[in-house]
Structures are given as C-alpha cells and as structure tokens.
Amino acid sequence: MYGFEGAIGLMPASLRVAFEELPPLWRQNGEEFRLRRGRAPTLYALGAERQVSAPPVGERELAECLALCCGGSAYAVEDELRQGYVSAPGGHRLGLCGRAVLRDGTVSGLRELSSLCLRIARPVTDAAAELEKLVWREGRLCSCLILAPPGRGKSTALRDLVRRLSLRGVRISVADERGELGGAVNGRLSFDLGPCTDVLTGCPKAEAVYRLLRCMSPRAVAVDEITAPAEAECMLQAAGFGAEILATAHAFSPQEALRRPLYRQLLEAGVFSVAVFMDAQRRMLPLELA
Amino acid sequence: MSGLWGALLLVAAGTAAGFGAARELGARRRFLGAMADAAAWMQEEISALATPVAVLLERLSGEGEAAPFFADVAALMQQGCASAWQDATARAAARFFLGGQDVAAVLALGDGLGRYGREEELARMGLAQSRLAARAEAAEQLCRRYGRLLRFAGFAAGACAALLIS
C-alpha cells in the first residue's frame with residue numbers, strides 16, 4: 001500500500017493504466033496525484049505538475065477515488081471530510097475541494113467535488129539519522145522542535161525519529177490528530193513507528209497531549225505541526241509532567257521561527273532543549289537557544 | 001403390487017413438493033427477517049462507532065441466515081459496493097426465493113451505502129430497514145397462512161393422484 005504503486009491503487013480504475021505507464025523517473029519522484037474535474041489528471045513530480053495522458057476526470061472518477069480512499073465508508077471519516085481531507089490506507093492523504101456545506105456558520109461537509117489531491121506517502125528510514133544524534137545523547141532524551149517550510153519533510157523526519165527512539169526502548173506517545181504520523185486506518189498503522197509507540201489518532205492535539213500524559217505515562221510525546229496557542233499552552237504544561245516533547249512547526253527561516261510569539265514563548269520557556277531548522281537539502285541545522 | 005408402489009410414490013412426490021414449497025416460504029421469511037435485523041444492527045454500529053462498511057460486512061458474514069449474502073458482498077467489494085450489493089442480491093434472490101418487492105427492499109439497504117455522512121446514512125438506512133421489516137412481516141404472514149396448508153396440499157394432491165390412477 002506504500003509509495004507510488006499503493007497510491008495508484010487508490011485511483012479510479014479508468015485512470016490506473018495511464019498512471020502505471022508513466023516514465024520511471026516520474027514514478028520514483030512523484031509526490032502528488034491531482035484530479036480536477038473536466039481536466040486530464042496530473043502528477044506532481046520533480047518540482048512541476050506533469051500532465052498524464054488520460055481522458056478528462058469526471059464526477060464519477062472523483063467519487064470513485066474518494067470511495068477508495070475512505071474504504072467505501074464516508075460516514076466513518078466524516079470529521080476528516082469536514083476538514084477537507086481523508087487519511088487513506090497506506091498513509092496517503094487525500095485533499096478535497098468542492099462546495100462547502102455550512103451549518104450554523106461552520107463547515108459541515110463538502111459536496112460537488114471539483115478536485116482531489118492525493119499526496120503519496122513513502123516511508124523514509126533515514127530521515128532522522130542526523131537528528132537522532134542531537135536528541136538522544138548518552139542515553140538521555142532531549143525535547144526537540146523541528147522547524148521547516150511546508151513540504152520539506154518535517155512529518156517524515158518526526159516519524160522516523162519516533163521510530164528510531166522507540167527501537168531504543170523509549171516509550172513514546174503520538175498525538176496524531178490528522179493521522180499524518182501513523183496513518184492509522186481501521187486501527188492499523190500504515191507506518192512503522194517502532195515497538196514502544198502508542199498512537200492516539202483523530203483527537204485535537206491539545207487534548208490528545210493531556211490524555212496521553214495522564215493515561216499512557218510516556219517518556220516522550222510526539223506532536224506534528226504546532227499551530228495554535230492552545231497547543232503551545234499544552235506543551236508548556238506537558239513539560240511539567242516530566243515527559244519530553246518532540247514536535248514540528250512551520251517556519252521559512254530560523255529567524256522567522258524565533259520572531260513568532262507562539263514558538264518564541266516555547267523556546268524561551270525552555271520546553272525544547274533542541275531546535276533544528278531543515279534547510280533545502282534537508283539537513284538539520286541546530287538553532288542557538290538562549 | 002406395482003400399483004401400490006406407484007401410488008406410494010405419487011403420495012411421496014406430492015408431499016415432497018408441498019414441503020418444498022413451504023420450505024421456500026420459510027427460507028424467504030428467515031432471510032428477510034435476518035436482513036431487517038442486520039439493517040437495525042448496522043444502524044446501531046454506525047450511530048455509535050461509525051464502524052466502516054468492510055468491518056460491518058465481515059461481522060455479518062460470520063453468522064445468521066443472511067451470512068451468505070453478506071459474505072458475497074464482502075467477496076465482491078473489489079468491484080465497488082453498489083455493484084457488489086447488486087450481484088449478491090441477485091444470488092440471494094435465487095437462493096432465498098425472493099420476489100420483486102423483496103429484491104427492491106434488499107437493494108434499498110445497499111443503495112448508496114457508505115456514500116453519505118453519518119446523519120444521512122442513518123436516515124437512509126432507517127427507511128431501508130422499515131422496508132425490509134415490512135417485507136419480513138409479509139413473509140411471516142404468508143408463511144403462517146400457507147406453510148402448513150402447502151405441506152398438507154402436497155400430500156393431498158399426491159394422494160388424490162394416486163387414487164385417480166388406481
């Protein structure tokens with residue numbers, strides 16, 4: 001179910017052959033499939049959208065792709081659909097666009113699907129080799145914040161770091177609100193997060209961290225993408241529970257990260273012993289923490 | 001002597017035909033009843049746990065009168081839920097002697113299964129369950145009214161034929 005081949009299995013039957021016949025270079029480097037109503041499907045690979053020789057995508061193809069990604073049970077992924085995505089088997093992620101249905105001012109669903117974006121998941125087993133050395137020092141675990149722009153591989157690095165630490169016997173709890181770290185589908189994880197890892201999927205991050213700290217007594221809690229003040233607040237409180245925090249956050253440069261009040265507050269409070277910025281070559285550059 | 005054997009054979013054949021017709025009514029009644037129960041159980045599962053369709057089918061395939069039907073749907077799911085449900089219904093119609101309205105009620109349960117949000121799914125399933133329960137009730141009445149009669153009629157027809165020939 002992993003990688004390009006697994007993602008092709010989630011495409012509508014009428015388009016699969018076209019994707020299977022793509023050049024090997026595109027297949028190896030493909031990051032996203034995009035299906036837009038009335039247009040030929042595309043593959044995002046090597047920094048550009050590549051048009052695939054296939055008939056234009058219609059309503060039927062979009063519905064079929066969605067059904068395949070949600071295992072034919074839209075009601076089971078209703079909360080995800082409301083937020084505009086579906087965690088598909090194999091850890092792939094389907095993003096949806098269409099007409100939002102509002103109820104009492106909040107989005108209650110999507111109809112009239114117009115485009116889909118299937119992000120291809122690939123397990124990377126050396127994404128955090130460098131980072132592990134910074135976080136695991138002489139048998140001591142340090143809290144760590146991974147900063148990088150979107151799409152650079154923060155989640156992949158965090159996932160690999162969790163797996164590596166778990167293999168060392170560190171008990172880690174993962175607050176996986178959007179299923180990006182574990183890719184849990186029907187209770188099974190799509191990615192290997194190691195033997196000592198517990199994953200809470202679908203629960204808002206702030207609440208998940210409290211639950212995990214209270215119920216699973218982890219040595220570390222992993223959280224992907226800190227974006228809201230409530231999440232930062234729970235990190236501050238979690239530090240008091242004695243568990244280390246492994247987290248990621250968006251930042252386009254180390255300076256920008258230090259300017260943002262949300263992250264500055266966490267760094268100044270000493271929640272993280274290590275903060276790294278992933279550069280364009282995906283190297284981990286440690287930040288100087290006061 | 002051969003006349004006696006012939007008469008006995010006629011009575012046996014008539015009785016078997018009567019019992020066969022009654023068994024068909026019973027099979028249909030049990031299947032529709034099991035489908036109505038399954039629909040009610042599916043509603044409870046979806047309402048409480050949002051259990052995915054694949055898991056529902058797996059559990060329903062395990063036991064009960066409708067287990068072969070759900071096993072068929074589960075086995076055919078690769079071709080899509082709607083198509084799998086239609087094919088499995090066609091097989092069940094032959095196996096459980098379903099009439100046109102019965103088939104329509106079974107199809108209604110699978111029509112759009114898994115394509116809606118929880119609220120719409122439950123509303124849709126509620127209607128389908130009512131339809132199935134109504135068909136099961138009709139089958140029950142038919143069975144009660146004609147089951148014993150068919151068994152007796154088969155025997156009586158066989159006996160009459162034997163008398164006429166002898």
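Taking CD of B/Glu119 as the reference point, atom CZ of A/Arg103 lies at 5.0 Å (rounded to 0.5 Å). A distance of 9.5 Å separates CZ of B/Arg124 from OH of A/Tyr75, quoted to the nearest 0.5 Å. Summarising the geometry, atom CZ belonging to B/Arg118 is positioned 12.0 Å from atom CG belonging to A/Leu81; distances are rounded to the nearest 0.5 Å.
Considering only heavy-atom pairs separated by less than 4.5 Å from chain B, the leading option among A/Ala76, A/Ala63, A/Ala67 is A/Ala76.
Other residues, nucleotides and ligands place no more than 12 heavy atoms under 6.0 Å from the CZ atom of B/Arg23. Crowding of B/Gln101 atom CD: a count of heavy atoms from other residues, nucleotides or ligands under 6.0 Å not exceeding 12. Counting heavy atoms of neighbouring residues, nucleotides and ligands inside a 6.0 Å radius, atom CZ of A/Arg119 does not exceed 12 of them. No more than 12 heavy-atom neighbours from other residues, nucleotides or ligands sit within 6.0 angstrom of CD on A/Glu59. Counting non-hydrogen atoms of neighbouring residues, nucleotides and ligands closer than 6.0 angstrom, the CZ atom of B/Arg115 reaches no more than 12 such neighbours. Atom CZ of A/Arg211 has 12 or fewer neighbouring heavy atoms from other residues, nucleotides or ligands inside a 6.0 Å radius.
A/Glu78 and B/Gly117 make their closest contact through OE2-CA, 3.3 Å (heavy atoms, listed as atom of the first residue, atom of the second, distance). For A/Gly72 against B/Val53, the heavy-atom pair with the smallest separation is O-CG2, 3.3 Å.
For B/Leu49, no part lies near chain A; criterion is any non-hydrogen pair under 4.5 Å.
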